[in-house]
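Note on naming: letters A, B, ... go to the chains in the order of the sequence lines (proteins, then strands), and numbering restarts at 1 for each one.
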Amino acid sequence: MEAREEAHLPPPSPSPPPPPPTSPAHDALLRAGPRLRLLQQAHAHVIVSGSHRSLSLLTKLINLACAAGAIGYARQVFVTVPGPDSFLFNSLIKSCSKFGFPRDAVAFYRCSLLAGIPPSNYTFTSVIKACADLSASRLGRGVHAHALACGFGSDPYVQSALVTFYAKSSDLNVARQVFDKMGERTVVTWNSMISGYEQNGSAKEAIELFDRMRESGIEPDSTTFVGVLAACAQLGAVSLGSWVYEYVMDNGFDLNVVLGTSLINMYARCGNVSKSREVFDSMRERNVIAWTAMISAYATNGYGSQAVELYDQMRLQGPRPNKITFVAVLSACAHARLVDMGRQIFASMKEEYDVEPGLEHFVCMVDMLGRAGFLDEAYEFIERKIPMEPPPAVWTAMLGACKMHKNFDLGVRVAEHLLDSEPENPGHYVMLSNIYALAGQSDRVQRVRNMMIQRGLKKQVGYSIIEVDGKTYMFSMGDKSHPETNIIYEYLDELMLRCTQAGYVPLADSLMHELEGEEREYALRFHSEKLAVAFGLLKTSHGMTITVVKNLRMCEDCHLAFKYISVVANREIVIRDKLRFHHFKDGSCSCLDFW
DNA sequence: CTAGGGTTAG
C-alpha cells in the first residue's frame, strides 16, 4: 500500500522550498527568541502555515528550544522532522553542546552517523566540546580518531577543541602534543592551552606559555588574561597580575564582567583586598559572580565585617545572592565570630531567597558555632539540622573546633569516627594524633603514627612560594636547593634569635607528630614559610609587604613566629595558606589567632 | 537553499 502511494508522489525533491523570508511563522520564531512559551506558539504558526516540513524553520525552532534550556521539547520536535539533513543535525549537535546538554549532543551525533550523514569539522568541534564537558575521555579519544580519519586533523577549530578536551581529561601531555603539532595557532588555541595548564594546577607552565605566546607575536585577548590571572592567583604572582591590569587599562580592553572578576580574584588571592575593591568599583557590569568574588575576597582575608557589609549592600541594590554567595558570607561570619549574624543569614537563605542549604553551608555553620566555642550547639546542629548522614567535611569542622577549645574527649570521638569513615585520608590521622598530643597521650600519638606508616599514608609535603622582582621562588621544608641557601639560613637564625629576645618561645608540639627529637626542632625552624619569609626580607626593601603562598595550612609555631618577625623586622607579612590569609603587622595577625 | 565553530570568572 505504502509503496503504491509513494509511486504516485512526485519525485522526492532534495528539500521543500525555503519559506519566504517574511512568512508569519518565521517572524513569530524570530520574535520568540529563546523563550519556551513563545516558541510553542511559533511552532503552532509553523504547523498551521503548512511549513512543518521546512527544515530551515524547524532547525531554527530546535536551536532556540535548546537555548531556552528546553531540551525535552527540542527532542519532541526533532522526532517529528521528516528527513533531517546535515545542516539540522550539525546545528542541533552544536546547540546541545553549547547550551549544556552534552549527553544529547553525543546522542544526536550517533544518531546522525546512523542516518548516514557524514560529519564535518563543525560536527567534530561540537562533539569534542561535549566530550570535554562530560570528561568522557574514552569517547573523546574515539571521536578524535574518527576526526583524523575524516581528514579534519588539522582544522584549527577541531584542534582547539581537542586541546581543551585533553586538558579537561587531565591529559596535559596529550593536550600539549596536539598543541605543538598545530601548524597555525590562533589566539583561541593559545588560550585553550594556557587555561588547560591553569585548571590543572600548573600555573607556572601557564605563565611560561603566555610568554611564548607573546614572543610568537599573537596578541592576547581578554580570555587570555582570564587564564593568566587565574595562574597569577594560584601563585600569588602579583607583579604579573598587576602588569595584566595595567596592560588591560592602557590598551583599551573592555573591563567585562569575567575579566573584572578574574582581577578581583587575583588581587584577593595575592592579599591585596583594596585593589580588589578598586577593580570591583570600576566595573560597569556586576553580576552575582562578581559580587560573590568581592565578598569572598573580604572573607578569606579576614575582613569579616566588610564582607557582611557588602552582602547587605548586595541585598539592597545588587543581584540575588545564590548558594555560593551564602558560602562566602557564612564563612565570613565564621571567621569573624559574627555568630548571631550567621544564624540570621542561614535562616534567611531559604525563607527569603529560596536557596536550599547544602553541604557547604552546613559545614560553615558547624565551623562558625564550633569556633565560637558553642561546641554543644554545633554538635546538636549536626545531629538535628542536617537532613542527611553528616559528611566527613562536617565532622572535620567539628574536630577543628574541639581542638581549638581543647575538648579532647569529644575530639577523640570525632576523630576516630572520621578515621573509620575515611581511612585513606592522611589529614585525619594528623588531626587525631595532634589531639592525643595535646591531651598528653604520647603512647597513642605513636600508635596513630604507626597506623599511618602501616597503611602507607604520607602527610602532604608542604611548600611555600614567594614572588620577588617578578620571579617566583619555591621553598620546601629544610630546603637547601636555593643558591643563596647559606645566607638565607644565617639570616633566619639571626631573625629567630631576635624574636627569642623579644619573648618568642617555640611551640614544639604543633603538627610535628611524625618527627622526633632533633629532626623536629630542625623542621620547625626551617618550615618552608619561614624560609620564604626570610628570603623575602633579604631581597626586598624596607616598607614592602612580604607575601607568601603556602599549599597547606600554617602551623601554630610559624604563626607565632611571624607575629614576632613583623615587629623585629618591622614589616607587614602576608601569608596565604590553604584556606585563608594571615596579615601580620606590629605583632598581631588579622585572623586574631582564630583560624 | 540556509549559518555556524574552539577559549574565560565566584
Side-chain angles (χ1 to χ4, degrees), chain A residues 13-21 26 54-60 63 85-95 97-98 120-130 132-133 147 152 155-165 167-168 175 178-179 182 185-199 206 213 220-231 233 255-266 268-269 276 279-280 283 285-300 314 319 321-329 331 360:
Chain A
S13 61
S15 58
H26 188 251
S54 156
L55 285 182
S56 71
L57 280 187
L58 291 169
T59 303
K60 264 205 172 62
N63 287 338
D85 60 358
S86 69
F87 176 44
L88 189 144
F89 266 115
N90 282 341
S91 318
L92 176 56
I93 294 168
K94 186 199 71 190
S95 292
S97 101
K98 184 172 171 191
S120 72
N121 43 355
Y122 288 95
T123 324
F124 284 119
T125 50
S126 304
V127 179
I128 293 166
K129 175 176 158 48
D133 291 342
F152 298 119
D155 180 290
Y157 289 87
V158 173
Q159 286 173 315
S160 292
L162 283 169
V163 169
T164 303
F165 161 73
K168 289 220 169 117
V178 175
F179 177 84
M182 292 185 66
R185 299 190 190 101
T186 66
V187 61
V188 179
T189 331
W190 286 96
N191 294 350
S192 302
M193 196 65 229
I194 290 171
S195 304
Y197 277 127
E198 182 276 313
Q199 286 161 353
M213 176 184 180
D221 65 7
S222 68
T223 307
T224 318
F225 289 131
V226 170
V228 172
L229 288 168
L255 192 59
N256 66 45
V257 63
V258 180
L259 184 55
T261 307
S262 303
L263 283 163
I264 292 173
N265 183 244
M266 182 278 295
R269 297 194 48 190
S276 291
V279 174
F280 179 78
M283 289 166 69
E285 183 203 343
R286 299 182 206 108
N287 60 12
V288 61
I289 304 181
W291 281 85
T292 304
M294 193 61 230
I295 291 171
S296 173
Y298 283 129
T300 53
M314 179 180 180
N322 65 17
K323 58 184 188 175
I324 301 175
T325 315
F326 285 111
V327 173
V329 71
S331 84
E360 282 183 292

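V187(A) comes within 4.0 angstrom of no nucleic acid atom, judged by non-hydrogen atoms across all strands. Counting any heavy atom pair closer than 4.0 Å across all strands shown, V288(A) reaches a base atom. Heavy atoms of D155(A) sit under 4.0 angstrom from at least one base atom. Within 4.0 Å of T224(A), counting heavy atoms only, lies no atom of the nucleic acid at all.
In this view, T123(A) and N90(A), I93(A), Y109(A), P119(A), S120(A), V127(A) satisfy the side-chain contact (heavy atoms from CB on, under 4.5 Å) rule, not counting sequence neighbours. Scanning for salt bridge (charged side-chain N to carboxylate O under 4.0 Å, His left out) contacts around D133(A) gives K129(A), with sequence neighbours left out.
Between the side chains of T186(A) and T189(A), at least one donor N or O lies within less than 3.5 Å of an accepting N or O.
Listed candidates were dT8(B), dA9(B), dG5(B). Nearest to the side chain of K94(A) is dG5(B). Closest to the side chain of T125(A), out of dT8(B), dT2(B), dG5(B), is dG5(B). Considering only the side chain of Y122(A), dG4(B) comes nearest among dT7(B), dG10(B), dG4(B). Closest to the side chain of V158(A), from the set dG5(B), dG6(B), dA3(B), is dG5(B). Nearest to the side chain of S120(A), among dG4(B), dG5(B), dT8(B), sits dG4(B). Of the listed nucleotides (dT8(B), dG5(B), dG10(B)), dT8(B) has the atom at the smallest distance from the side chain of S195(A). Checking dG5(B), dA3(B), dT8(B) against every side-chain atom of F87(A), the shortest atom distance belongs to dA3(B). Listed candidates were dG6(B), dA3(B), dG5(B). Nearest to the side chain of V188(A) is dG6(B). The side chain of V258(A) has dT8(B) as its nearest neighbour among dT8(B), dT7(B), dG10(B).
Rounded to a whole Å, the NE2 atom of H26(A) is 12 Å from the C1' atom of dA3(B). Distance CD1 (I264(A)) to P (dG10(B)): 11 Å, rounded to an integer number of Å.
In this pair, W291(A) does not lay its aromatic ring on the base of dG10(B); centres under 5.5 Å and planes under 30 degrees do not both hold.
For dA9(B), the base has a donor-acceptor partner in the side chain of N287(A) [N/O atoms by modelled type, under 3.5 angstrom]. Between the side chain of T186(A) and the base of dG6(B), a donor-acceptor pair under 3.5 Å is found. Looking at T292(A), its side chain comes within 3.5 Å of the base of dG10(B) through a donor and an acceptor atom. A donor N or O paired with an acceptor N or O is found under 3.5 Å between the base of dG10(B) and the side-chain atoms of N322(A).
Paired with F152(A) under the rule ring pair (Phe, Tyr, Trp, His ring centres under 6.0 Å), one option of F124(A), Y157(A), Y122(A) passes, and it is F124(A).
For Q199(A), a side-chain nitrogen or oxygen approaches OP1 or OP2 of dT8(B) to under 4.0 Å.
With hydrogens and angles disregarded, a donor-acceptor distance shorter than 3.5 Å links the side chain of T224(A) to the backbone of D221(A).
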